[in-house]
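In what follows, a structure is listed as structure tokens, so that the remarks can point back to it.
Numbers restart at 1 for each chain; the letters A, B, ... are given by sequence-line order, proteins then strands.
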2 protein chains.
Amino acid sequence: MQSKHKAAKTTGAEKPENRVITSADVAREAGVARSTVSRCLSGDGRISEETRQRVLQTADRLGYQINQIARSMNRRKSDLIGLVTSGLEDPFRVQFLHHLISAIQKIGYRPLVIDVSAPEHMSRSMLNLLQYQVAGVVVTSGSPSPEIGQHFIRRNVPVVLVNRAGLLEGADVVNCDNDTGGRLAAEALLAAGKRHFGFLNMTGGTYSGNARGEAFVAAIAPKLASGEVRFSLLGCDSADYEGGYQAGLQILSNRDAPDGIFCGKDHIALGLMDAARFELGLRVPHDLAIVGFDDITASSQKAYGLTTIRQSAEDLAALTVARLAEHIAAPGQTASQRVVLPVDLVQRSST
Amino acid sequence: MQSKHKAAKTTGAEKPENRVITSADVAREAGVARSTVSRCLSGDGRISEETRQRVLQTADRLGYQINQIARSMNRRKSDLIGLVTSGLEDPFRVQFLHHLISAIQKIGYRPLVIDVSAPEHMSRSMLNLLQYQVAGVVVTSGSPSPEIGQHFIRRNVPVVLVNRAGLLEGADVVNCDNDTGGRLAAEALLAAGKRHFGFLNMTGGTYSGNARGEAFVAAIAPKLASGEVRFSLLGCDSADYEGGYQAGLQILSNRDAPDGIFCGKDHIALGLMDAARFELGLRVPHDLAIVGFDDITASSQKAYGLTTIRQSAEDLAALTVARLAEHIAAPGQTASQRVVLPVDLVQRSST
DNA sequence: CGCACAAGCGCACACGTGTGCATTTAACGC
DNA sequence: GCGTTAAATGCACACGTGTGCGCTTGTGCG
């Protein structure tokens, strides 16, 4: 080994093509110590502008690429941010991730995606993130156990939950305003002149879905009590187009079906709408008014024109990264926070 | 420093909560050398089953998580696979990434996503991947310069291009069968009784788009020469719904518009279809037949029913990972390969 | 001209793991 | 019982970087 190194040195630039350039190479070439190179790169310490320029220029000339692995090793912290998600099937989540990845890169970090489609592996997968010395974690799917959360807090790794239940002690939570959303949906359906309401979401449902449904019911509670309106809790098997479609076939073939349905997610609403229009011959919104939640891109397409509660994926991502950045800037000193993203009603042709 | 360590040792298990468990802790606890722990974990070497069990059990009990950063440092190779993509706006790319991430995890690796929405940063961003000692790279967007590719080949890092031009010497290429796709599209439109064809894709276009258009033209070339049919090359500003929609408004308001249009991607086709149906009052497929490419999930929804050329995102991902796995198993010894994924026509109501 | 002080720089250690090689232990044959 | 062999294990170095601390060099003041 040692002799090999010496050989490489003595032969000079004979076989440079297969060697990886390290900071030592840059130092030698620039005629300074390796530590000086390091200080130039991190902008640290007391380095003369002249030396600094020379080193940076040399590094560039040699095509030096810093070894992030070695740097992470030394710092005991990488510049990776773990993204815990359950696949890319949910269109809104994709939109969110799109902006999130972009925002993470913008603050100089890299996203490390973990797919936890199998919920039983959730704990193991999240712990695996610690193996990469991640600088932070964003959870967009699944509900991490409090025990898992402790591991991250203990290591001062900030965790942000997005549109999830805030069970996790010490974790930040970024949520859209489900309460207002549910209320706006109720108002929209009331304004459309409907009187028999339904809330359709995946059976069992998620935290967000349940919160939206409860807010919806709370908003119509007075009229419900007076018998002025009716309400049915509806369920579907999956939280997507197909789930909404199948549920629509079943629910709407019933003679006493609701005429105003609020769906927990847009994708479900689109399936419901297609079942109503193309299978059961219902007119939307005349026979059935529909309100969704999220405002995914498909909802605004002419073929649908879904009235929905809009939450901005971009703002949600910005808030998430802002929380992370704050924790990273002051490790262990920033109190966890709960942030709520405003929503608004987007009126289209389904109400 | 040294004294601090000693203090921690002498106080024993007094403050274990804030220390990160290393393999040395496991070794001490299990009464073996640290190297033995390492050998147990990697399944390497000659370790008695008894020792092995005891070590693994101890590791589990202490909640030991191997430090991947340190491991990568030593191996000079991480278990990360770089995913070069340009955002998550294209639905088919999202479907592909979904399966790709899943498949990558299944072979024990982790995806590191790099967003190269700004094409001018492509080179820099790809080179940055080398900083993480990635085990491989998948390029799903942009066209890396040959010069960049050399850096990866030199380091024996396999690169797979997916549905991209195969300019990159030494890189593997996984493509869907654009030629057959273009031909099938032509046959479908001919069978629908159309005679004035168009090919709509983003102006300038991508490698895939151009290949599809050329194959389409080639398939109708004889009839074109005999004057039996006509052909127009159409363009739109963006490769998405909005692009197809705007192009549709402009193209179809023309009196001499095509009555059978093949689109480079489904998403464009959906926009075109909506413009035709809801803005210009055309009947699909009576007045205008449309064929797309990809078979994204939205295309099969009742509101669209788009006839399209289907490529399987899942198979595409499987082929991609298979190529990577082969290169990783035999570094630098596997010749680069060009793989073609079959496509087929999915007949729906738009033809 | 001598001394003090500050700025710039280099030495050497640490991070946690993998692995070649030497060493120890156990088993077996004569 | 001893020598030989193979299996099991431990030692120590290497990977590339960040950084505390001490050394060198230059400058200004008395």
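One atom, CG of B/Leu130, and another, P of D/dG16, lie 14 Å apart when rounded to the nearest Å. Distance A/Gln68 CD to D/dG16 P: 15 Å, rounded to the nearest Å. As rounded to whole Å, 7 Å separates atom C1' of C/dT17 from atom CD1 of B/Ile66. When the C1' atom of C/dC11 is taken as reference, atom CZ of A/Arg39 falls 10 Å away, rounded to whole Å.
Of the listed nucleotides (D/dT17, D/dG20, C/dC15), C/dC15 has the atom at the smallest distance from the side chain of A/Met73. Side-chain proximity of B/Val32 to C/dG10, C/dG18, D/dG10: nearest is D/dG10. The listed nucleotides are D/dT9, C/dC9, D/dT17; the one nearest the side chain of B/Thr36 is D/dT9. Taking only side-chain atoms of A/Ser38, from C-beta outward, the nucleotide of C/dG10, D/dT19, D/dC13 with the closest atom is D/dT19. Closest approach to the B/Arg71 side chain among C/dG10, C/dT17, D/dG10 is made by C/dT17 (side chain taken as heavy atoms from C-beta onward). Checking D/dG16, D/dG10, C/dT17 against every side-chain atom of A/Asn67, the shortest atom distance belongs to D/dG16.
The side chain of A/Ser72 places no N or O atom within less than 4.0 Å of a non-bridging phosphate oxygen (OP1 or OP2) of D/dT17. The side chain of A/Tyr132 contributes no N or O atom lying less than 4.0 Å from OP1 or OP2 of C/dG16.
Within the 4.5 Å cutoff, the side chain of B/Gln133 has no heavy atoms near those of the B/Ser72 side chain. Side-chain atoms of B/Asp25 and B/Arg28, non-hydrogen and from C-beta on, do get closer than 4.5 Å to each other. Within the 4.5 Å cutoff, side-chain heavy atoms of B/Arg110 are placed close to those of A/Asn128.
Take the nearest nucleotide of DNA chain D for B/Ala70 and for B/Arg52: the residue whose nucleotide is more 5' is B/Arg52. The nearest heavy atom of DNA chain D to B/Gln133 and to A/Ser35 marks one nucleotide each, and the one closer to the 5' end goes with B/Gln133.
At the heavy-atom level, A/Ile69 lies nowhere under 4.0 Å from the strands shown.
Taking five base pairs at each end of the helix from C/dC1-D/dG30 to C/dC30-D/dG1, the local helix axes there meet at an angle of 50°, rounded to 10°.
Scanning for side-chain contact (heavy atoms from CB on, under 4.5 Å) contacts around A/Arg61 gives A/Glu29, A/Thr58, with sequence neighbours left out.
Separating the CZ atom in B/Arg155 from the NZ atom in B/Lys77 is a distance of 7.5 Å, to the nearest 0.5 Å.
Dense packing is recorded around CD of A/Gln53, with more than 12 heavy atoms of other residues, nucleotides or ligands lying under 6.0 Å away. Open room surrounds CD on A/Gln57; 12 or fewer heavy atoms of other groups in view lie less than 6.0 Å from it.
The base of D/dG18 has none of its N or O atoms less than 3.5 Å from a complementary donor or acceptor on the side chain of A/Arg76.
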